[in-house]
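Take a look at the structure set out below.
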Amino acid sequence: MCKIQTTGDCDPFTVLKAIGLQRTGKQDEAFTLAQEVAVLEPTDDNSLQALTILYREMHRPELVTKLYEAAVRKVPTSEEYHSHLFMAYARVGEYKKMQQAGMALYKIVPKNPYYFWSVMSLVMQAISAQDEKLSQTMFLPLAERMVEKMVKEEKIEAEAEVQLYFMILERLGKYVEALEVVQGPLGEKLTSELQSRENKCMMLYRRLERWPECNALSCKLLLKNPDDWQFYLLYFDSLFHLIDQSWTPPQEGAHSAEGEVRASVSQAISFMEDRIATEEAKESKHLRGPYLARLELIRRLRERSCPEAQQLGEPLELMFQFFVKFGDKPCCITDLKIFLDLLAPDQHVQFINRLMEVVPLGAPGEDGVALPGDTRALQRHMCVTQLSRSLGQQHALNTEGKLGLIKELKAHYRHGLQFGKSCLKTELQFSDMYCLMAAHVYIDLWIETGDQNVLWQCLGLLEEGLSHSSSNAQFKLLLLLLYCRLGAFEPVVDLYSSLDAKHVQHDTIGYLLTRYAESLGQFAAASQSCNFSLRFFHSNQKDTSEYIIQAYKYGAFEKIPEFIAFRNRLNHSLHFAQVRTERMLLDLFLEADISSPLEESVKSMSLCPEEDDIPWDSLRDNRDLTVLVSWNPKDRQLNEEHKQRSLEDETLWLRLRSLTLRLIGCVSALTHPPTTRNSEKTTENGVATKPSSLQSLLSQLENTLNQATQFTEKQLQHQYPFLGPVSSRLAQALSSGCCQCQLSSLQLPLHLQELETAGLDESTELQTQISNLFKSLAVQLQDMLEKCKGDLIEAKDGQNKTHHFLLENLVYFVEPPVLSAYQEFSGSLQSLLNQALEHIKSQEISLTALKLGELNLEGQTQSEAEGTFTKTAMDKVQSSYLRSLQEIGELLKKRADTLKSLKI
């Protein structure tokens, strides 16, 4: 049982009851009970810990600080309470108070960790300060003096303390002093990481531009570890800096503080040859570093037009030798791929032919395909195939050539499955990459010819691959992308779920899920996918605070700024802003004026239309746009221009959606007349709106629409690579007429407000304008509906062609009526809704009657097994379309019922 102290007359059982209430959803009652105990300023552990748990669950960490401030006042000599107070401040980022709490703790219990908690809190004040000058002239110098005091008194005990001293000097730009610390007695404490001192010295030499020392140290480290790639790059950097500076060694004494400097091209070549000679002398376990470094040196010498590059050898021959040694390792493709630009275009075929000569394959079978006898031979052949694609040879094939290549790749894939019979379900098959590459060639064919039959086969092949290798993330990601491109979201939910995305992946790859869910009419899945992402972002704040506290406890001070930067990066995430906005719009879309009035829906979101809470200037694009494996040649790869355009695309769409959301908030505040006439600001239903806000936001929306239109027109000329970023919903929303229709809908409340102010007698012109706007809206909606008509799947002449854009247009058609359901044109709107419902019903009937799996793909021969997987893919698309139509239809019915219930 809990021991209850009588001094504070506090009952921890009351707090336990409050925790129970909180966990059963009775937050208000729980908070009232907690405050009854907190006001007594308890000092017993049970009450304090129970209240801390409760406040954390309430997401009110600031209340914990008040709790321990009171406890420290009552028990000023308690090490435990002072420590808890410091950590409570850390949770809320009160760095100034952390500094004070740390020093107070040190005075009570003079332990080094407490003193350095205070120092680190000063550093955090410097990092978080808005004024850089204040950081450099006050916080950091004070932190430096505090550490120097401990150094002079010889009280430095732990590595963490030296790391913190180094961090302070580095942030002050005192690199010479930092170097002295690392190379002096204090540097001997830097032992937790391998080569920690050397790495820090190297970093400081670079910043101080001490190239002789950088050169000598990198050579020394390469002699110790010839496979450490970072030191080869540092050696080459320093070498060419010294050459550019015409550096010459001193006549007397050492070349540098780190020893001998190799500062000429001839010395660099000799150094490389010595490293390779050492490797060649080994009988086995050769290191790849020296061989790749030789190719890197050739590249750099060629960039500077140095004739000495020829002394190192011909790249084709060197890459061939590298393949002979390391071709059976999966890393060989990534090693050689970055040096393919060293080959002249007329050497590409010769290079691939040379490699094929040393790939041990058996005699060709009946189908003319020679197959490997073991996994090492398979890996070599796969590497050559990947290099061939990276050189553009596969892209250069005609349609017949590509179909032949696909046949060969599938033969290699299925043959390779025999080597993985004993693999666990979580392991990948040895030949999976053949399957993936065949899928890529299918996609090439689809893009070139527009023939969707090859896309169906591609889906079938990937489904087959997934059946043999259920943990292959690349299969899942590509399937996910292809199904979305076909407008089928239903199979995507399970695919994404099976990826088991963890933590930050909800930000880096979550866009693949949230981009398509709502636009394809899967509203329940859209809501769920938004929640997945939001749950991660909301927990980030709490989780990061815990990481920071642990870093203080264990003295990992250098990690604390990293945690803060990580938290800020997530708080400013583009994906976070998108998901938050779309989630609120989706709730309004599905519930406003259906299950609850618009005003109540907006009120529940605590939406303030006048405040733009998106940090536009500091948005971070955290999407992983290279998550899909690609062996495309350089001219077909994702580049910086694509990334920049994609970011602009997504930002414009977010701006449109954010303005739409804020305008709906304004509209909800205008649905009832204000209670006071002459007030500048009226508050209705929890939403504050100035009369000018609506006009201002409408003007912003109109300007953003113009920008979006211009951007989309330019974007038509520049498409993203298929395996690059997906386009935002912007282009489709504009072409469907949805954006313009929403703008018109949102202009209505402004005119109606003007009409109310002017009165009916003196507003004939305004009434005509409003009447014309209603008519225009009806015409716009009719045009939008026309763009929805057509068959989602067209099956004729052996072709099964999907028109998924019709599905997206249907979703866009459903959106504007949320904002346009005014009585004045309810008749025409009711007619449009009925037409839309009839169209959806006819599509459901035709889709249900369509037996896709029984249709043969024109011009394609498939085995029975292949046909089964292709049929599976077709059935998934068909089922997804039906589900989308069903959800859109249900929403439209609710809208129609709401419209009928309006009193005219």
Side-chain angles (χ1 to χ4, degrees), residues 487 518-521 523 585 588-589 592-594 656 660 663-664 667 698 701-702 705 708-709 712 729-752 767-792 794 803-846 881 884-902 904:
E518 183 187 346
S519 64
L520 296 175
F523 306 125
L585 278 170
L588 293 172
F589 185 38
D593 291 334
I594 295 176
L656 278 176
T660 303
L663 276 161
I664 295 172
V667 169
L698 280 168
L701 182 61
E702 203 160 358
L705 265 176
T709 305
T712 308
R729 296 172 60 190
L730 183 62
Q732 191 66 30
L734 288 170
S735 69
S736 72
C738 172
C739 294
Q740 191 57 48
C741 190
Q742 283 189 341
L743 177 63
S744 301
S745 302
L746 290 161
Q747 286 170 339
L748 269 170
L750 184 67
H751 294 316
L752 291 170
Q767 289 177 51
T768 306
Q769 192 178 345
I770 292 170
S771 176
N772 290 338
L773 190 52
F774 276 125
K775 289 173 186 174
S776 169
L777 259 175
V779 171
Q780 288 178 51
L781 285 166
Q782 184 66 58
D783 288 343
M784 286 179 68
L785 182 57
E786 292 305 315
K787 290 175 183 176
C788 302
K789 291 180 178 176
D791 291 330
L792 282 171
E794 186 182 354
H803 301 293
H804 64 276
F805 63 90
L806 296 172
L807 208 51
E808 291 191 59
N809 285 349
L810 258 176
V811 173
Y812 289 126
F813 171 77
V814 182
E815 278 198 19
V818 182
L819 311 171
S820 313
Y822 292 97
Q823 297 173 16
E824 284 81 348
F825 79 133
S826 59
S828 54
L829 186 56
Q830 186 74 56
S831 170
L832 282 168
L833 290 179
N834 289 337
Q835 287 179 51
L837 285 167
E838 284 172 17
H839 169 64
I840 288 171
K841 190 175 180 182
S842 69
Q843 279 298 296
E844 286 178 338
I845 292 167
S846 62
Y881 283 177
S884 295
L885 288 170
Q886 184 183 0
E887 289 201 33
I888 296 169
E890 284 174 2
L891 185 58
L892 274 173
K893 280 175 193 169
K894 288 175 183 175
R895 295 231 175 283
D897 291 343
T898 304
L899 200 61
K900 284 176 187 173
S901 66
L902 287 174
I904 301 175

Residues forming a side-chain contact (heavy atoms from CB on, under 4.5 Å) with Ser831, sequence neighbours excluded:
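Residues passing side-chain contact (heavy atoms from CB on, under 4.5 Å) with Ser831: Gln835.
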side-chain contact (heavy atoms from CB on, under 4.5 Å) partners of Ala708, counting only residues at least two apart
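Applying side-chain contact (heavy atoms from CB on, under 4.5 Å) to Ala708 gives Leu656, Leu730, Leu734.
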Of Arg729, Lys787, Gln732, which meets side chain to side chain donor-acceptor pair (under 3.5 Å) against Tyr812?
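Passing option: Arg729.
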Write down the atom of [X], the atom of [Y], and the distance for their closest heavy-atom approach.
{"X": "Gly889", "Y": "Leu837", "result": "O-CD2, 3.5 Å"}
{"X": "Ala731", "Y": "Thr712", "result": "CB-CG2, 3.7 Å"}
{"X": "Leu806", "Y": "Leu792", "result": "CB-CD2, 4.0 Å"}
{"X": "Ser744", "Y": "Leu773", "result": "O-CD2, 3.9 Å"}

Of all residues at least two apart in sequence or in a different chain, which pass the side-chain hydrogen bond (donor to acceptor under 3.5 Å, both in side chains) check with [X]?
{"X": "Gln843", "value": "Asp791"}
{"X": "Glu794", "value": "Lys796, His803"}
{"X": "Ser736", "value": "none"}
{"X": "Gln740", "value": "none"}

Would you say that [X] contacts [Y] through its side chain, given a criterion of any heavy-atom pair below 4.5 Å between the two side chains?
{"X": "Gln747", "Y": "Glu702", "value": "yes"}
{"X": "Leu807", "Y": "Leu885", "value": "yes"}
{"X": "Phe523", "Y": "Glu890", "value": "no"}

From [atom1] ([X]) to [atom2] ([Y]), nearest 0.5 Å:
{"X": "Glu887", "Y": "Leu810", "atom1": "CD", "atom2": "CG", "value": "13.0 Å"}
{"X": "Leu746", "Y": "Ile664", "atom1": "CG", "atom2": "CD1", "value": "6.5 Å"}
{"X": "His839", "Y": "Leu785", "atom1": "NE2", "atom2": "CG", "value": "7.5 Å"}
{"X": "Gln780", "Y": "Leu832", "atom1": "CD", "atom2": "CG", "value": "11.5 Å"}
{"X": "Leu781", "Y": "Ser776", "atom1": "CG", "atom2": "OG", "value": "9.5 Å"}
{"X": "Phe813", "Y": "Ile888", "atom1": "CZ", "atom2": "CD1", "value": "11.0 Å"}

Those residues that, when tested against [X], pass salt bridge (Lys or Arg N to Asp or Glu O under 4.0 Å) (two or more places apart):
{"X": "Lys789", "answer": "Glu786"}
{"X": "Glu808", "answer": "none"}
{"X": "Glu844", "answer": "none"}

Might you work through the side-chain contact (heavy atoms from CB on, under 4.5 Å) test for Met784 and Glu815, ending with a clear yes or no?
CA-CA 11 Å; Met784 286 179 68; Glu815 278 198 19; over 6 Å; no
Check the pair Leu520 / Val811 against side-chain contact (heavy atoms from CB on, under 4.5 Å), numbers first and verdict last.
CA-CA 7 Å; Leu520 296 175; Val811 173; over 6 Å; no
